[in-house]
Amino acid sequence: MSNQFPPPPQNPHAGLPGYPGPATDPATAPAYGFGPVLPQKMPGGVRAAQVIIWTLSGMCLLGSVIGGALYGPQTAGAVLGSNFLLIPLCVLAFRFHLPGNGKRVASIVLSSVQILVGFGALSRGGGLGALILVGCSIALVIMLSQGYAGAWFKRGQTPDPAQWQGQGYTG
């Protein structure tokens with residue numbers, strides 16, 4: 001008879017008989033039957049947006065210091081004033097590794113307003129610095145509006161292995 005043996009188990013990650021824990025590493029065990037939870041890596045577009053924000057912030061600080069040293073405090077204030085939205089953007093960029101769609105939406109809004117501020121700086125004769133600001137802000141809005149960026153920020157939180165201590169898991 002071909003039905004002598006039971007069918008193979010449907011869940012290859014099921015625990016051994018008599019053992020309550022998972023048969024595999026808890027970090028790669030299926031979460032509620034939806035497949036293995038793999039380590040997630042930040043998409044390249046989100047990482048590029050993060051680097052652009054940090055680079056623009058550094059350029060703003062450097063331009064303010066150099067402008068203040070060469071032309072006086074009024075120029076330093078003008079450089080900082082036309083780039084004031086980079087401060088909250090920089091703070092948000094340091095938190096891009098954490099889930100939460102609010103950071104993405106806030107970054108898109110701040111970058112959009114920064115585009116308008118950059119156009120204002122261009123109309124006052126801001127030169128190459130204002131042009132770089134506008135171009136990079138447009139790039140930020142485009143990169144953070146993509147589907148992969150939305151998926152990255154809307155992902156669920158993965159549990160911290162330190163939370164498993166004392167619960168029978170060795171991790």
Side-chain angles (χ1 to χ4, degrees), residues 25-29 31 34-165 169 171:
D25 181 26
T28 61
F34 292 108
V37 178
L38 300 174
Q40 296 177 341
K41 186 177 176 187
M42 187 182 298
V46 177
R47 176 67 71 186
Q50 194 177 39
V51 170
I52 287 173
I53 291 170
W54 291 336
T55 304
L56 280 176
S57 299
M59 286 173 46
C60 169
L61 184 62
L62 184 65
S64 177
V65 169
I66 291 173
L70 295 177
Y71 302 107
Q74 187 174 3
T75 302
V79 170
L80 281 178
S82 63
N83 296 305
F84 67 95
L85 293 175
L86 286 175
I87 296 168
L89 267 173
C90 188
V91 170
L92 288 171
F94 277 108
R95 302 188 51 84
F96 278 4
H97 67 281
L98 299 172
N101 198 37
K103 291 183 287 292
R104 181 180 76 97
V105 172
S107 297
I108 290 171
V109 169
L110 287 171
S111 295
S112 299
V113 174
Q114 188 70 36
I115 292 169
L116 297 175
V117 172
F119 280 138
L122 272 174
S123 69
R124 289 189 319 266
L128 182 63
L131 188 62
I132 291 172
L133 176 70
V134 169
C136 288
S137 297
I138 291 171
L140 286 173
V141 170
I142 291 171
M143 283 189 277
L144 293 175
S145 297
Q146 299 294 319
Y148 59 80
W152 171 253
F153 286 105
K154 291 177 186 176
R155 74 193 187 284
Q157 282 191 303
T158 55
D160 184 20
Q163 295 173 349
W164 298 333
Q165 298 300 326
Y169 297 114

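In what follows, every heavy atom counts, from backbone to side chain, and hydrogens, waters and symmetry copies are set aside.
Contact between Leu98 and Phe153 at its shortest, heavy atoms only, is O-CD2, 4.1 Å. Contact between Ile53 and Ala93 at its shortest, heavy atoms only, is CG2-CB, 3.9 Å. For the residue pair Arg104 and Lys154, the shortest heavy atom distance occurs at NH2-CE, 4.3 Å. Gly118 and Leu133 get closest at one heavy-atom pair: CA-CD2, 3.9 Å. Ala48 and Met143 make their closest contact through CB-SD, 3.8 Å (heavy atoms, listed as atom of the first residue, atom of the second, distance). Residues Leu86 and Gln114 approach most closely at N-OE1, 4.1 Å, considering heavy atoms.
For residues 72-94, the set of pairs meeting the ring-ring contact (aromatic ring centres under 6.0 Å, His included) definition, not counting sequence neighbours, comprises Trp54-Phe94.
Going from atom CD of Gln50 over to atom SG of Cys90 covers 9.5 Å, rounded to the nearest 0.5 Å. For the atom pair SG of Cys60 and CG of Leu80, the computed distance is 5.0 Å after rounding to the nearest 0.5 Å. The distance from atom CG of Leu140 to atom CG of Leu89, rounded to the nearest 0.5 Å, is 7.0 Å. From Ser112, atom OG reaches atom CD1 of Ile138 across 9.5 Å, with rounding to the nearest 0.5 Å. Here CH2 of Trp152 is found 9.0 Å from NE2 of His97. Values are rounded to the nearest 0.5 Å. Atom OG of residue Ser57 and atom CG of residue Leu62 lie 12.5 Å apart, to the nearest 0.5 angstrom.
In this structure, the side chain of Arg95 does not engage the main chain of Leu92 through any donor-acceptor pair within 3.5 Å. Of the possible polar contacts, one joining the Ser107 side chain to the Lys103 backbone as a donor-acceptor pair under 3.5 Å is found. Side-chain atoms of Ser137 never come within 3.5 Å of backbone atoms of Val134 as a donor-acceptor pair (strictly under, hydrogens ignored). A donor-acceptor distance shorter than 3.5 angstrom exists from the side chain of Ser82 to the backbone of Val79, with no hydrogens or angles considered.
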Under 3.5 Å donor-acceptor pairs involving side-chain atoms of residues 68-75, not counting sequence neighbours:
none

Test side-chain contact (heavy atoms from CB on, under 4.5 Å) applied to Asn83 and Leu61, step by step: CA-CA 9 Å; Asn83 296 305; Leu61 184 62; over 6 Å; no
